[in-house]
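See below for the structure under consideration.
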There are 2 protein chains.
Amino acid sequence: MPSEATANVSPHVRKKRERRRGEILHAALATVRERGYHATTLDDIADRLGIRKTALYHYFPDKDAILYACHRESLSELDRLIHDSAACCASNRERLAYLIREHVRVMTEKLEGSPLAFEVSALSPERRAEVIAGRDRYEHVLRDVVAAGVESGEFRAVEPKIAVFAILGAINWIARWYDPEGGARGTDLGEQFAEFLLQGLVA
Amino acid sequence: MPSEATANVSPHVRKKRERRRGEILHAALATVRERGYHATTLDDIADRLGIRKTALYHYFPDKDAILYACHRESLSELDRLIHDSAACCASNRERLAYLIREHVRVMTEKLEGSPLAFEVSALSPERRAEVIAGRDRYEHVLRDVVAAGVESGEFRAVEPKIAVFAILGAINWIARWYDPEGGARGTDLGEQFAEFLLQGLVA
DNA sequence: TAAAAAAATGAACAAGCGTTCAAATACGCC
DNA sequence: GGCGTATTTGAACGCTTGTTCATTTTTTTA
């Protein structure tokens, strides 16, 4: 059965299938984090699950689709952050702090220090365009918050584009060094990053 | 002739050879920046120079050696920054600002927004160990400067390790978005980064 | 409990890529 | 200017990896 063709299957089978897809994505993320997408083989992913690589084709049409599904999950998390930050915060400063803190938390808790930010060019052209669009949406919200903060006097006169690149660089780099078993917990880390990066901006 | 075996050749031939090696490294860096080390083929590198991939073996013993040589150049630049910053600066704050500014300048002017920071695990074990040691030296200098600044009261009570990871993340990410033809010049960028990251630290 | 569906397997294939090698071409040098 | 050296070439090889496919095994469902 093709990867997402779940029409006419029972809820039980659908659940089982979703669970397996989730396991594959989790195994893929762990290996991509360790050695990058191109150096990750389907054998590597399958080995983590105790199955043969040919079984993966029951759930995903090809290797690229696995990477793409990882990206979609990540982007959907970021979309959620955008949505929640619009509702929870009174000032631009507060909103940016929330976004930084929560982005760090997502990076460290849910997406295993997600290496996806480094693996966009590996996607096929159509999928890459979609992922870039999603990433750009998130980036633009960050820029808008920074620009609004400059305008309101909360932040000093920085270029939103540069500031946001620096912020995202600091956050994405967490994937390169964060050890879940290390001393820094994700929530503490998020606080430290928010404080550091916000203080870099305030007027 | 093996890659670095230049005993008994004339200065002219040695110069020519060094120039060619530099061209190869430059072509390699450009392609690695575009698509990552694993997705970069020897054909890709050779194409940029108008030669066949088999000619590369005249200058480097293998593909890994090309990546390794790129790293060594990069590390030697960073060693120079360390040395110069020890001589030029009166305070920890000034020294850290210098290092950030100059690191950004090197990234944008000399090593084509160097993607090397992302490509360490691709090296063979021995070479990787050496490159990691070199990178750690640089990182430790940064940490020491931050720690000394905290101690002297120039910086607030941050964890040097976390702060330096955030700083390096912001800087290394430049390789992902910096466009040499874009608006931001490396020197301006270095100033902005130094200001932003320093202000994030001051007491 | 048996038939149908889902999931997994092993074998095989095609393509790509790093590397080697002998030969040809270009350059250096006396 | 000719011999020696440096550089490049095209062909070939071995290996890896993504993918396909027929078959087997396991699970689901009525």
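Heavy-atom basis, side chains included; hydrogens, waters and symmetry copies ignored. Numbers restart at 1 for each chain; the letters A, B, ... are given by sequence-line order, proteins then strands.
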Q) Out of D:dG18, C:dC27, C:dT9, which has the shortest distance to the side chain of B:Lys16? A)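 So the side chain of B:Lys16 is nearest to C:dC27.
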Q) Taking the side chain of A:Thr54 as heavy atoms from C-beta outward, which of C:dT19, D:dC21, D:dA6 is closest to it? A)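 It is D:dC21.
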[atom1] of [X] versus [atom2] of [N]: gap in Å, rounded?
X	N	atom1	atom2	answer
A:Tyr37	D:dT17	OH	P	14 Å
A:Tyr59	D:dG18	OH	C1'	19 Å
B:Leu49	D:dT9	CG	P	11 Å
A:Tyr57	C:dT9	OH	P	15 Å
B:Ile51	D:dT8	CD1	C1'	8 Å
B:Asp62	C:dT20	CG	C1'	13 Å
A:Leu42	D:dT16	CG	C1'	12 Å
B:His38	C:dC17	NE2	P	14 Å

**Q.** NZ/NE/NH1/NH2 to OD/OE distance under 4.0 Å, B:Glu18 and B:Arg14
**A.**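 No, this pair does not count.
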Q | Lys/Arg cation over aromatic A:Tyr138: A:Arg143, 6.0 Å, 45° cone | A |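 So A:Arg143 doesn't make the cation-pi contact.
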Q) Within 45° of the axis and under 6.0 Å from the centre of the six-membered ring of B:Tyr59, does NZ or CZ of B:Arg21 qualify? A)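 Not satisfied by the 6.0 Å and 45° rule.
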Hey, is the side chain of [X] poking within less than 4.0 Å of OP1 or OP2 on [N], counting only N and O atoms?
X	N	value
A:His58	C:dA8	no
A:His12	D:dT28	yes
B:Lys53	D:dG10	no
A:Arg14	C:dA6	no
B:Arg20	D:dT7	no
A:Arg52	C:dA11	no

Q: Please confirm whether the backbone N or O of A:Ala194 pairs with a side-chain atom of A:Arg101, one donor and one acceptor, at under 3.5 Å?
A: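 Not a single qualifying donor-acceptor pair exists.
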Q: Would you indicate what A:Thr41 reaches in the nucleic acid, counting non-hydrogen atoms under 4.0 angstrom: base, sugar-phosphate, or nothing?
A: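 A:Thr41: backbone/sugar contact only, no base atoms under 4.0 Å.
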Q) If you measure only the distance, is there a donor-acceptor pair under 3.5 Å linking the side chains of A:Ser76 and A:Asp79? A)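 There is no such pair (donor and acceptor under 3.5 Å, judged by atom type) between the side chains of A:Ser76 and A:Asp79.
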Q) 5'-most contact on DNA chain C: A:Gly50 or B:Ala39, nearest heavy atom basis? A)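 Per heavy-atom nearest nucleotide, the more 5' residue is A:Gly50.
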